[in-house]
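Please read these numbers as outputs of a predicted model, since none were measured by experiment.
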Amino acid sequence: MTENGWPADRIDTENAHSARIYDYILGGKDYYPADQEAGDAMAREWPALPVHMRANRDWMNRAVRWLVEEAGVRQFLDIGTGIPTSPNLHEIAQSVAPASRVVYVDNDPIVLTLSQGLLSSTPEGRTSYVEADFRDPASILDAPELRETLDLDRPVALTVIAIVHFVLDEDDAVGIVRRLLEPLPPGSYLAMTIGTAEFAPEEVGRVAREYAARNMPMRLRTLDEAHEFFDGLELVEPGIVQVHKWHPDGTGEEGIRDEDIAMYGAVARKP
């Protein structure tokens, strides 16, 4: 059993997992030898991979801060949360607005075992964790933890960060995102990062093959395909751009080349 009481055999330590590879490359500690081997192999194929992953994480920090400071958002629904890495989303939001509320969603047992790192809310705010699969939006929207934490009569920011490139066409990622947005009221926001191979096709293609070889096939998208997620929404300036170009704050974007980044990022308002 894990320390949180969940069966330890639910955690597959023999095969690499995308969240643990991400944790390893970002310098975390919650990974296994298979994840380290995979991360090292991918970084050999594309040495900019750590730069790319850090830029995605930095984008999340800036986007959440913008949503709280500029858009006045106080509620977040975070899909595909991944392994807790401080500052977590609620720590960023609550550092600006202590009463902010966050629902985290993931279906990886290791994220569940580490979820205490996601539940350290301020007294004024609240956080909760839902174990559910992004591909089953009804299980997310019907979760009692969501209904107890978020007021769906008030704006919510739906954050879908670094996940849709693991959703293949047959699972209809665009349709899933629209279903999650559907019950959120006007004035809500969608914040997404979307994997692409448009800036370093050969290198990113090799990384994608490494993922596929470990049973993690990827669906990388063009700019036009990224726009499909935001149909009917009002994009915040500067629109859909590489993550290092979205509201840079001068704390890490210097020296990043376009070909080092394989992720689009954007924030849009639901009218």
Side-chain angles (χ1 to χ4, degrees), residues 10-12 14-25 34-35 37-39 41-43 45-46 49 52-53 56-57 59-60 77-83 104-112 130-142 158-182 190-233 240 242-243 261-266 268:
R10 285 188 59 191
I11 300 176
D12 179 1
E14 298 299 318
N15 296 295
H17 187 283
S18 59
R20 299 195 308 253
I21 295 169
Y22 188 69
D23 181 72
Y24 166 65
I25 290 177
D35 310 302
E37 181 277 328
M42 293 167 186
E45 295 294 348
W46 188 34
L49 183 62
H52 156 81
M53 287 188 170
N56 179 75
R57 185 75 187 182
W59 180 92
M60 185 275 285
L77 175 57
D78 184 55
I79 307 296
T81 296
I83 292 170
Y104 291 108
V105 180
D106 208 297
N107 70 334
D108 180 7
I110 197 170
V111 178
L112 181 63
V130 174
E131 186 185 20
D133 194 322
F134 173 62
R135 295 171 181 82
D136 183 10
S139 68
I140 298 170
L141 296 170
D142 294 340
L158 172 65
T159 55
V160 185
I161 299 171
I163 183 173
V164 294
H165 51 277
F166 292 114
V167 181
L168 304 183
D169 288 343
E170 55 263 34
D171 290 316
D172 185 18
V174 173
I176 292 169
V177 171
R178 288 178 180 164
R179 176 69 185 91
L180 290 168
L181 274 172
E182 185 180 334
L190 172 63
M192 288 188 71
T193 62
I194 301 164
T196 183
E198 291 194 298
F199 300 92
E202 291 186 11
E203 296 88 341
V204 176
R206 292 197 298 267
V207 172
R209 287 192 288 275
E210 291 287 344
Y211 272 104
R214 294 165 176 83
N215 296 313
M216 293 176 281
M218 303 181 82
R219 171 64 164 88
L220 299 164
R221 291 173 171 83
T222 65
L223 180 59
D224 285 344
E225 289 170 329
H227 270 279
E228 294 176 15
F229 289 98
F230 299 95
D231 283 351
L233 305 178
I240 304 173
Q242 286 175 284
V243 288
I261 301 297
M263 199 79 78
Y264 286 119

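When all heavy atoms are compared, the tightest approach of Gly39 to Ile21 is CA-CG2, 4.0 Å. The two residues Ala38 and Ala16 make their nearest non-hydrogen contact at CB-CB, 3.8 Å. The two atoms that bring Ile240 and Ala266 nearest to each other are CG1-CB, 3.7 Å, heavy atoms only. The minimum heavy-atom distance linking Ser18 with Met216 is given by the pair N-SD, 3.4 Å. Among all heavy-atom pairs drawn from Ala132 and Ile140, the shortest one is CB-CG1, 3.7 Å. Minimum interatomic distance between Arg135 and Asp171 (heavy atoms only, all atoms of both residues): NE-OD2, 3.3 Å.
Atom OG1 of Thr193 and atom NE2 of His165 lie 7.5 Å apart (nearest 0.5 Å). Annotation: the span from Met263 atom CE to Thr196 atom OG1 amounts to 10.0 Å, rounded to 0.5 Å. Atom-to-atom distance recorded for Arg209:CZ and Met42:CE is 12.5 Å, nearest 0.5 angstrom. Distance check, rounded to the nearest 0.5 Å: CG of Asp133 to CD1 of Ile79 gives 10.5 Å. Atoms CG and CG, from Asn215 and Asp12 in turn, are 10.0 Å apart once rounded to the nearest 0.5 Å. With rounding to the nearest 0.5 Å, the separation of CG in Leu190 from CG in Leu180 is 9.5 Å.
Glu45 contributes no side-chain N or O that, together with a main-chain N or O of Arg206, makes up a donor-acceptor pair within less than 3.5 Å. Checked by atom type and distance alone, the side chain of Arg57 never pairs as donor or acceptor with a backbone atom of Met53 at under 3.5 Å.
Asp169 meets the side chain to side chain contact (heavy atoms under 4.5 Å, CB included) test with Arg219, Arg221; sequence neighbours excluded. Residues passing the ring-ring contact (aromatic ring centres under 6.0 Å, His included) test with His52, sequence neighbours excluded: Trp46. Checked against side-chain hydrogen bond (donor to acceptor under 3.5 Å, both in side chains), Tyr22 has the following partners two or more places apart in sequence or in another chain: Asn56. Annotation: salt bridge (charged side-chain N to carboxylate O under 4.0 Å, His left out) contacts of Asp231 (sequence neighbours excluded): Arg178. Applying the salt bridge (charged side-chain N to carboxylate O under 4.0 Å, His left out) test to Glu228 and every residue at least two apart in sequence or in another chain returns nothing. Evaluation of the side-chain hydrogen bond (donor to acceptor under 3.5 Å, both in side chains) rule for Asp35 yields Arg20 as partners, not counting sequence neighbours.
Inter-residue side-chain proximity for Val164 and Phe134 is flagged as met; some heavy-atom pair is nearer than 4.5 Å. Residues Val105 and Leu77 are in side-chain contact: their nearest non-hydrogen atoms beyond the backbone lie under 4.5 Å apart.
Under the ring pair (Phe, Tyr, Trp, His ring centres under 6.0 Å) test applied with Tyr264, the options Trp59, Phe230, Phe199 reduce to a single match, Phe199.
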